[in-house]
**Q** 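Questions regarding the structure given below will be posed in turn.
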Amino acid sequence: MSDVSGIGRDNDAEASEGAARYDFRAIEAKWQQKWDEANLFTVDLKDSRPKFYGLDMFPYPSGAGISVGHCRNYVPLDVACRYKSMQGYNVLHPMGWDAFGQPAENEAIKRGRNPKEMVPEYAANYKRQLKLVGISYDWSREINSSLPEYYRWTQWIFLQLHKSGLAYRANTPINWCPSCKTGLANEEVVNGRCWRCATVVEKRPMPQWFFKITAYADRLLSDLETIEWPDSIKMLQANWIGKSEGAEVDFAIDGHDQKLTVFTTRPDTLWGATFMVVAPEHAVVQEITTADRLAEVNEYRDKAQRTSEIERQSADRSKTGVFMGAYAINPVNGAKIPIYAADYVLMGYGTGAIMAVPAHDQRDFEFARKYDIPVVLVYQTSADQSADTMTESAAAGGNAVIGPFAGEPNSKDTVKKVVAWLEEQGTGRGVTNFRLRDWLISRQRYWGAPIPIIHCPEHGAVPVPEQDLPVVLPDVERYQPTGTGESPLAGIPEFVNTVCPVCGGPGRRETDTMGGFACSSWYFLRYADPHNSTEAFSRDIVDRWLPVDLYVGGAEHAVMHLLYARFWTKVLYDAGFISFQEPFKRLRNQGMLLALTPGRKVVAEETADGEESDSDEPIEDWKVLKPEEKLTVPKEEWVYRYTKMSKSLYNVVTPDEMAEQFGADSLRLCGLSSAPFEETVQWSDNGMEGAHRFLSRVWRIWADLLPFYNAGWKEEPAPVGAPDQERALRRKLHQTIQKVADDLENFRFNTCVSALREFTNELSAFRNTLGTSEPSVSQKRLISEVLEILPLLMAPITPHLSDEMWERLGKEGFTYLATFPTADPAAAAEESLTIIVQVNGKVREKFTVPVGTDQAEIEKQALACEKIVRELESGKQVRTVITVPNKIVNLVIS
RNA sequence: GCCCGGGUGGUGGAAUGGCAGACACAAGGGUCUUAAAAACCCUGGCUCACAAGGCGUGCGGGUUCGAGUCCCGCCCCGGGCACCA
């Protein structure tokens, strides 16, 4: 055996002495094999116990395999699932592969390999690693979203959406990433850059498929109240949906028949509208701009479209715009107001046109001052407030000073009254608007589920009949995007050319594929019935297992994935395929894992991370050392920083090396104990050593006491009048059971591990007092109870170690199927209380009393304390005595 | 700018308005050993020679018998969103 580590060497040395050493390698290999052979984690659907469905977010199996960072979510959910099993639940804990999409495709292009072959290899490696860590997956339910038996049903769901009128094709300017050579959803554009490669995104017109998620905006918002998710995530979703209530108001255009409709949340300020603004791309621009202004306006529009998203969206950029030569008539007062085109109004929100009220909107105010447009106050907060002298738009408050609502306060109530009035007048109506936009599903990429549509010159876009599914993704020579904007599928005539399902005439298959979010929007349903070849899932089975009881994954999926999955669930519910409306009942997000990363100072004139930094981003002063640079840059110049653990930052620690060196149970324990589950943590090897040391210690103490184990301890009568020391240890044991159970239930793994450590410390002290003599009868009974309960308490966290202990106790089977211990409240109850004596809120003395001592006696003792007596001798008097029963006596003295 | 989180010893972190610093990591001291490792025991916020006392949970106020915890006003860090009418 190679000299792997200090730990390994020690174990070998101990082995030669034949001592009871913690041979984690043998233990872990043995139990992983036994679990496999017993199909321990395979769900039996006929099982009548209550169900528990624990799910990890669908991972893409990357070539690099998993790092210890990935264990931040897999291990805690595994602990929760194992705990649920021990509580008597029938646990469904599946795993599978989000194999379609750009990561796999980019990897295939880079390596020149067929993703169809590559994905299973990578998945096999993931599976091997997850087994190595001892995760309790039911591998018989493994799914792979890139296999036809899966994506056939992704296509089927597309057809259901299409049938419900929720899938449509629109020729819209899309976000185009020139580097990925693909279209991007709005959600995939981060600060005007591609979320994957950070290239500046351009606009490009393209026929695209969309899902009408906006039709579900209201339900997606209101149903957030029905699920147990972190408030922060709910808030993110609510903000993303961006509901705002207001009114649409129709403005006549002077000299034209048509109307210009605006959306406003403040119809009550209509009397202060002094101009209008439309988005430069708005169709009305071409129709109403006067001939003498058209050239200028079009030039402005072209410039706006060329301007990069980042620039156009940058916050405090000064307002620009051009007058269109046209005027609108304000419906509330007949005023003739000019119409401008300006890029601060967005085509994609509301109606793409606004009424501008400079007195009460900061953006309109800036624009008005710049172009010398009058400002009219609707609400006045003080008599000396004047539209002419204002330097910014008016603050909230005040009362209306013009119009039929003069005298009304600046309030939501007034807004409501005005909306009702507008409806009466027939010039406007109450309207709710959402920031949410429809979901762009089309990708002009190869590696995705083909969109099941056939284009017929006669019948347009015709859905592929359900019985013809799947539309199989054909093999292709080159995976590269064509760069023309079409998917590589467009170059395969055998795929493209087909017949129209309606008329049998020649048709062309849709060559766009679906984005990866489609696959991950329903996979949680498929796990309930993964091998169904006649339908996506059986309604009975899905209704029995869903919704997911506990969903665990990264907060980076707060908006897109979780919103899309909720949307599809609601669509399937409406179509009558399932009987629940929310897919994930309870959600938890794990924190990030950072690793100390060697880097170096950036040399002058060198831009950070190889990016062209023509933006206004701050220049980084630090660069990650590449492996080859570690040889050339002297160590004294290395600068360490914590960064996310990631292959691209060369700071990855794998579970393989940790399991080899310290063991899987130590790895599991280490990740759970260092910090709360949701927190970002910094990886350190010390933590692994500490975890391993603790498990070795538990093993040693436990094995030391094993010879005194009596399997029939429960039949023996509980000792009466056992010594204090024994009662104390038993009390700690039962308090620990309570604490561990409570912490596991609430995802507080760090304090759970602390409780186990505390108990172990007390057990160790107890063992040390035994010396070499034979324990007493009552001691043996206590020891037996401890020996049996400890492995069960630890089993969710350290299942291999626990199963080994369980077997050595002579127990049959696995801790996974054993019952989690229940605390005996009588044994856990404290016998004495510590009373704190305070003077004016400051701790002065402490004393102990037996439980049940009455308050008068406690107060008497408090006043008799040495320090208190001394304090009172100096002539001070007790004014008040505040007593917290069984806890505190606070003397207020002056 | 707006919206969420956070600021507690050398470090990670504990603490239903009631003993701040549980539990660990790192450190120091000791026992055992020819020696080392491992193991076991002890110490540990600051101030102070020690004790007593005083000061301590980002800063400033407040509520309370009592505030890390609640309220008001700031500062700093992390994350998200960003001209949304």
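Here is the naming used below: chain letters follow the sequence lines, and residue numbers restart at 1 for every chain. Since we're looking at a predicted model, the values are computed, not measured. Side chains are part of it too, since the values below use all heavy atoms of this structure and drop only hydrogens, waters and symmetry mates.
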**Q** Ignoring hydrogens and angles, answer whether the base of B:G13 and the side-chain atoms of A:E679 contain a donor-acceptor pair closer than 3.5 Å.
**A**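 Answer no: no donor N or O sits under 3.5 Å from an acceptor.
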
**Q** Check every strand shown and say whether A:R748 touches a base, only sugar-phosphate, or nothing at a heavy-atom separation below 4.0 Å.
**A**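 Answer is nothing: A:R748 stays at 4.0 Å or more from every strand.
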
**Q** Counting the atoms with a prime plus P, OP1 and OP2 as sugar-phosphate, which does A:N768 contact under 4.0 Å by heavy atoms, base, sugar-phosphate, or nothing?
**A** sugar-phosphate

**Q** From the set B:C84, B:A22, B:C25, return the single nucleotide nearest to any side-chain atom of A:L346.
**A** B:C84

**Q** So for A:N890 and B:C65, does any side-chain atom that can act as donor or acceptor lie under 3.5 Å from a complementary atom in the base?
**A**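 Under the 3.5 Å cut-off, the side chain and the base do form a donor-acceptor pair.
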
**Q** A:T351 and A:L260: side-chain contact (heavy atoms from CB on, under 4.5 Å), yes or no, with the steps?
**A** CA-CA 9 Å; A:T351 61; A:L260 186 54; over 6 Å; no

**Q** Take atom CH2 of A:W229 and atom C1' of B:C4, then tell me their distance rounded to the nearest Å.
**A** 17 Å

**Q** Now, which nucleotide makes the Watson-Crick or G-U wobble pair with B:U11, with each of the two distances under 3.5 Å?
**A** B:A24

**Q** When you measure from the side chain of A:S764, which nucleotide among B:A39, B:C41, B:C81 comes out closest?
**A**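 That would be B:C41.
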
**Q** Output the single nucleotide from B:C65, B:C4, B:C40 whose closest atom is nearest the side chain of A:V892.
**A**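 Closest of the options to the side chain of A:V892: B:C65.
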
**Q** With sugar-phosphate meaning primed atoms plus P, OP1 and OP2, does A:V843 contact a base, only sugar-phosphate, or nothing at under 4.0 Å between heavy atoms?
**A** sugar-phosphate

**Q** In whole Å, what is the span from the CD1 atom of A:I836 to the P atom of B:G18?
**A**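 To the nearest whole Å, that distance equals 12 Å.
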
**Q** From the options B:C40, B:C23, B:C84, select the nucleotide whose nearest atom is closest to the side chain of A:R435.
**A**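 Of B:C40, B:C23, B:C84, B:C84 is nearest to the side chain of A:R435.
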
**Q** Name the closest nucleotide to the A:D343 side chain, picking from B:C65, B:C83, B:G13.
**A** B:C83

**Q** Would you indicate what A:L236 reaches in the nucleic acid, counting non-hydrogen atoms under 4.0 angstrom: base, sugar-phosphate, or nothing?
**A**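 Sugar-phosphate only.
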
**Q** Within the structure shown, what part of the strands sits under 4.0 Å from A:R697 by heavy-atom distance: base, sugar-phosphate, or nothing?
**A** sugar-phosphate

**Q** Name the closest nucleotide to the A:M235 side chain, picking from B:C19, B:C25, B:C4.
**A**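 Closest of the options to the side chain of A:M235: B:C4.
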
**Q** For a quick check of understanding: with a heavy-atom distance under 4.0 Å over all strands, which category does A:N750 fall into, base, sugar-phosphate or nothing?
**A**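 The residue A:N750 makes sugar-phosphate contact but no base contact.
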
**Q** Taking only distance into account, with no hydrogens and no angle test, what donor-acceptor pairs under 3.5 Å do side-chain atoms of residues 835-843 of chain A form with protein atoms, sequence neighbours excluded?
**A**
| unit_1 | atom_1 | unit_2 | atom_2 | d |
| --- | --- | --- | --- | --- |
| A:N840 | OD1 | A:I893 | N | 2.9 |
| A:N840 | ND2 | A:I893 | O | 3.3 |

**Q** At under 4.0 Å, does any side-chain N or O of A:S244 touch on OP1 or OP2 of B:A85?
**A** yes

**Q** Counting only distance, no hydrogens or angles, is the base of B:C19 paired donor-acceptor with the side chain of A:K887 under 3.5 Å?
**A** no

**Q** Can you figure out which of B:C23, B:A39, B:G13 approaches the side chain of A:R700 most closely?
**A** B:A39

**Q** Between A:K319 and A:D364, is there a side-chain N and carboxylate O pair less than 4.0 Å apart?
**A** no

**Q** So what does A:N761 hit on the nucleic acid, given a heavy-atom distance under 4.0 Å: a base, only sugar-phosphate, or nothing?
**A**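 Sugar-phosphate, backbone atoms only, no base.
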
